[in-house]
Peer 1: 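Below is a structure I'd like to ask you about.
For reference, positions follow the sequence shown, starting with 1.
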Amino acid sequence: MSIHDPQPGAGPTMRPAGAAPAEEPSTGELLKGLADDASTLVRQEVLLARQELQEGLAASAKASALLVAAGVLGLYAFGFLLYTIGEAIGGPRWLGFAIVTVVLLIVVAVLGLVGKKRLAASKVAPEKAKAELQTTATELKEEITWGKPQQQPPGR
């Protein structure tokens, strides 16, 4: 709702009803507006981050599904390759498959031993965080000790 306030020579101007012609907002109103704008901006940034995260996760899920399908088909292809090698070795059919099986078992054993060695050598415990925690605890104990009032001998 606006009131037309014609001024001579300037043409009609629009101003809100009940507002003084030269009224400036108070400092409190400016600060309230600033806080409202900041909260709106933060809310919109959170919504944007959420939307970007959802889109990224959807794309990652599609890519992961393609990689799983490729892995399954690769596994089937590897099986057919082993079958072909077993047939191509020649001689009795069972001998070709036996040779392929022995080679695969040797590869599995080597990979298993290497993996076991690396697993034993890996450290899962967070050593740096543990050391930092101990340092912090020691410093806090010292602060508490220095902060306690010292026992004074009874005055004479």
Peer 1: State, to 0.1 Å, how close Gly96 and Ile89 come at their nearest heavy-atom pair, and which atoms those are.
Peer 2: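 So the two residues come closest at O-CD1, 3.6 Å.
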Peer 1: Could you tabulate the donor-acceptor pairs under 3.5 Å formed by side-chain atoms of residues 37-46, not counting sequence neighbours?
Peer 2:
{"residue": "Ser39", "atom": "OG", "partner": "Ala35", "partner atom": "O", "Å": "3.4"}
{"residue": "Ser39", "atom": "OG", "partner": "Asp36", "partner atom": "O", "Å": "2.9"}
{"residue": "Thr40", "atom": "OG1", "partner": "Asp36", "partner atom": "O", "Å": "2.8"}

Peer 1: Please give the remaining members of the hydrophobic cluster of Leu57, linking ILVMFWY side chains under 4.5 Å, ordered by chain and number.
Peer 2: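 Leu57 shares its hydrophobic cluster with Leu53.
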Peer 1: Give a yes or no on whether the backbone of Ser26 and the side-chain of Glu29 come within a donor-acceptor separation of less than 3.5 Å.
Peer 2: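 Yes; judged by distance alone, with no hydrogens or angles, the pair exists.
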Peer 1: If you take all heavy atoms of Leu30 and Pro25, which pair is closest and at what distance?
Peer 2: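 Reported closest heavy-atom pair: CD2-CG, 3.9 Å.
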Peer 1: Please tabulate, for side-chain N and O atoms in residues 61-83, each donor-acceptor pair with protein atoms closer than 3.5 Å (sequence neighbours left out).
Peer 2:
{"residue": "Ser64", "atom": "OG", "partner": "Ser60", "partner atom": "O", "Å": "2.8"}
{"residue": "Tyr83", "atom": "OH", "partner": "Glu87", "partner atom": "OE2", "Å": "3.3"}
{"residue": "Tyr83", "atom": "OH", "partner": "Arg93", "partner atom": "NH2", "Å": "2.8"}

Peer 1: Looking at CG of Leu104 and CD1 of Ile99, how far apart are the two atoms once the value is rounded to the nearest 0.5 Å?
Peer 2: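 One finds 12.5 Å between CG of Leu104 and CD1 of Ile99.
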